[in-house]
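Right, one structure below, let's go through it.
Order of listing sets the numbers, starting from 1, for every ligand and every atom in it. The basis for the numbers below is simple: all heavy atoms, side chains too, and nothing from hydrogens, waters or symmetry mates.
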Amino acid sequence: MSKVRFHGEKQYPLEMHKVRIIQKLTLLPVEDRAEAIAGAGYNTFLLQNRDVFLDMLTDSGVNAMSQEQQAAMLDADDAYAGSATYTRLEDKLRELFGMDWFLPAHQGRAAENIISRVLVRPGTVVPMNYHFTTSKQHIVEHGGEIAELIRPEGLEVTSEHPFKGNLDVDALRRLIAERGAEGVSYLRMEAGTNLIGGQPFSLSNLREAAGVCRAHGIPLVLDASLLADNLHFNKVREPACRDMSIREITREIADLCDVIYFSARKLGFGRGGGILLREEAMYKRMRGLVPLFEGFLTYGGMSVREMEAITVGLEETMDEDMINQGPQFIEYMVGELADRGIPVITPAGGLGAHIDAMAFLDHVPQTEYPAAALAAAIFLASGVRGMERGTMSEARDAEGVEPLADMELVRLALPRRVFTLSQINYAVDRIEWLYRNRGLIGGMEWEEEPEILRFFYGRLTPRTPWPAALVAKFREDFGDSL
Ligand code: F0G
């Protein structure tokens, strides 16, 4: 779709697909939205989907499927062991990534569990471009620590750097010099780096990092969950990739890695996951954990229908027109927000638009969870459900000290091929209104704080009655509009 230019000055993303199945939505009045978010402990994870208008919580497992995926789902071979469906998935993965060994898992974090159990040696460090919540937790649970070696531009909110997900390879060299190669369990590279705004790494950065790993015998593990977005950005932003097909870029990336794991809730537009391995010995060390935690080796917790959908989805990921819809819609949304002066992460990444809550609510201290407050306020103002990606998503250390996040973000994920441009315009309009009234929004405190992955089901409460003030202002400005 990037190849179509509009005659007028303004350019729009243009979908190369049409919608043939719909799900009706409801938009509750603002008073009901206020009640719903209060009932959810001001945590958007705890909202009921029936109370949500546009669900931008995540792109995980909620991407629209193609008719080819749907058709394949009906043609599945249902068997506990030796299913032909599984063989089709395994063959497709081998073909695309060129690795001989595959272990299925029910989703991405299950793959992380298996990898951490086998590869993390207690007392060692796992360097990475940046952590993801579940990946960090699994490494820590198995006695490792993480070292985030993102290059400085990765943490700059506003930037023109095309590859903010790049690893600081010199920092990796220094870390290996300090700890010795035996003190480093593996290098984890995350494609489409989630928590810094869906930002990609370049192929050349990965190549340099892989060179260091090979020189020291350190395995390189790729989290390919958000690989589709990364591939799109390699293609459009990296001169060396411009004349390569998506399939060729995929293979170049894979050839640099020893292990590739993924959440198929993102990569492959289905629901599942797995681990690809280059070495049989490592495969054998991990293999026993699959029947223990996931299911037999030929399904690993996935349904045969989902495996068929993933096989087709992986092939569709090689089609530029299929993978550029997400990033181009996100670019449009980020551009519209930025034009209105709303602080957003730039350049636009994959996954979704990311609002800088620290700048949006510069009067709310980080200890009062500005990103959580803003996510609740956005729902109140619009019925749009985003996700807090800031201090609330961090975990307290062993002494109970809460680290303040590098960034306080509200992520508005755009599941692929799900929303229309007018829905995005609506979200932008309501967020602009909120920005004009941001002084009304206050901070949050815990009502109930779980010990592990607290952001998922913790409950917050506003420190002042600011939600009521926001509802009153909404009525004043919008009259009886929803
Ligand atoms: N790695 C990355 C980079 C992810 O974004 C996710 C999930 C996982 C691993 C874990 O995969 O959910 O299948 O177990 N991200 C989702 C999100 C939850 O909303 O960003 P999973």
Side-chain angles (χ1 to χ4, degrees), residues 43-45 47 49 55-63 103-116 126 128-139 141 146 148 150 154 164-165 167 188-201 221-231 253 257 259-276 293-294 300-303 306-307 309-310 313 326 330 345 349-354 371 375 385-390 392-393 407 409-416 418 452-457:
N43 180 347
T44 54
F45 273 104
L47 284 166
N49 197 37
D55 191 6
M56 299 188 179
L57 185 74
T58 179
D59 62 337
S60 173
V62 287
N63 299 295
L103 290 168
H106 78 275
Q107 64 183 89
R109 70 200 67 183
E112 289 170 340
N113 172 42
I114 293 169
I115 292 169
S116 307
V126 178
M128 53 186 70
N129 49 351
Y130 206 71
H131 81 278
F132 182 69
T133 50
T134 53
S135 12
K136 175 176 174 179
Q137 191 76 34
H138 280 296
I139 291 164
E141 298 267 319
I146 66 154
E148 288 172 321
I150 191 82
K164 284 166 74 176
L167 183 88
R188 174 179 172 276
M189 284 294 281
E190 183 179 313
T193 324
N194 191 326
L195 294 191
I196 58 164
Q199 299 291 328
F201 58 66
V221 177
L222 174 69
D223 179 345
S225 305
L226 287 162
L227 183 66
D229 296 336
N230 208 104
L231 288 165
I253 288 177
C257 303
V259 178
I260 299 179
Y261 76 90
F262 60 97
S263 167
R265 300 177 69 86
K266 296 180 193 281
L267 183 68
F269 319 116
R271 293 165 196 84
I275 308 170
L276 281 150
F293 289 109
E294 303 301 308
M302 289 183 275
S303 81
E306 294 292 342
M307 286 194 279
I310 295 163
I330 292 161
I345 290 209
L351 214 175
H354 293 75
R385 162 155 74 168
M387 184 192 290
E388 192 272 1
R389 292 277 82 154
M392 189 183 168
S393 295
M407 291 182 170
L409 303 177
V410 174
R411 177 179 93 180
L412 299 169
L414 294 189
R416 292 155 193 87
V418 168
I452 292 182
L453 298 174
R454 61 186 188 172
F455 62 92
F456 273 132
Y457 47 98

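- In terms of protein heavy-atom proximity, atom 17 (C) of ligand 1 is closest to Lys266 NZ, 3.1 Å.
- Side-chain contact between Asn63 and Pro415: present, with at least one pair of heavy atoms (C-beta onward) separated by less than 4.5 Å.
- Residue-level proximity to ligand 1 for Arg265 is carried by the side chain, the only part with a heavy atom below 4.0 angstrom.
- Between Glu190 and ligand 1, no N or O atom pair is found at a separation short of 3.5 Å.
- Ligand 1 places these atoms under 4.0 Å from at least one heavy atom of Thr134: 10 (C).
- For the pair Leu195 and Glu148, the minimum side-chain heavy-atom distance is 4.5 Å or more.
- Put simply, the side chain of Asn49 reaches to within 4.5 Å of the side chain of Arg385, judged on heavy atoms.
- Aromatic ring orientation, Phe456 versus Phe45: perpendicular (interplanar angle above 60°, classes split at 30° and 60°).
- Set against the non-hydrogen atoms of Ser225, the atoms of ligand 1 under 4.0 Å away are 1 (N), 2 (C), 9 (C).
- Atom 2 (C) of ligand 1 has its nearest heavy-atom neighbour, among Leu267, Leu226, Asp223, in Asp223.
- Contact atoms of ligand 1 toward Glu112: 1 (N), 9 (C) (distance under 4.0 Å to a heavy atom of the residue).
- Ranking protein heavy atoms by distance to atom 6 (C) of ligand 1, first place goes to Phe132 CE2, 3.3 Å.
- Listed by number with element, the atoms of ligand 1 under 4.0 angstrom from any heavy atom of Thr58 are 17 (C), 19 (O).
- Looking only at heavy atoms of the protein, atom 5 (O) of ligand 1 is closest to Asn194 ND2, 2.8 Å.
- For the pair Tyr261 and Ile115, the minimum side-chain heavy-atom distance is below 4.5 Å.
- Side-chain contact annotation: Glu112 with Ser135, donor-acceptor N/O pair under 3.5 Å present.
- Residues Arg411 and Asn194 bring a donor and an acceptor atom of their side chains to less than 3.5 Å of each other.
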*Given the rule in the side-chain contact (heavy atoms from CB on, under 4.5 Å) test, do Asp55 and Val418 qualify, once you have shown the distances and angles that lead to the verdict?*
CA-CA 10 Å; Asp55 191 6; Val418 168; over 6 Å; no
*Give the C-alpha distance, both sets of side-chain angles, the deciding distance and a yes or no for salt bridge (charged side-chain N to carboxylate O under 4.0 Å, His left out) between Arg416 and Asp229.*
CA-CA 11 Å; Arg416 292 155 193 87; Asp229 296 336; 3.2 Å; yes
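- Under 4.0 angstrom from ligand 1, there are no non-hydrogen atoms of His138.
- Residues Leu103 and Glu294 form no side-chain contact, since every pair of their non-hydrogen atoms from C-beta on lies 4.5 Å or further apart.
- Every atom of ligand 1 is numbered from 1 in the order shown, and the set under 4.0 Å from a heavy atom of Gly108 is 11 (O), 13 (O), 14 (O), 21 (P).
- Close approach of ligand 1 to Arg109 (heavy-atom distance below 4.0 Å) involves ligand atoms 10 (C), 11 (O), 12 (O), 14 (O), 18 (C), 21 (P).
- The shortest N or O to N or O distance between Ser135 and ligand 1 is not below 3.5 Å.
- Ligand-side atoms of ligand 1 in range of Ser263: 11 (O), 13 (O), 21 (P), range being under 4.0 angstrom from any heavy atom.
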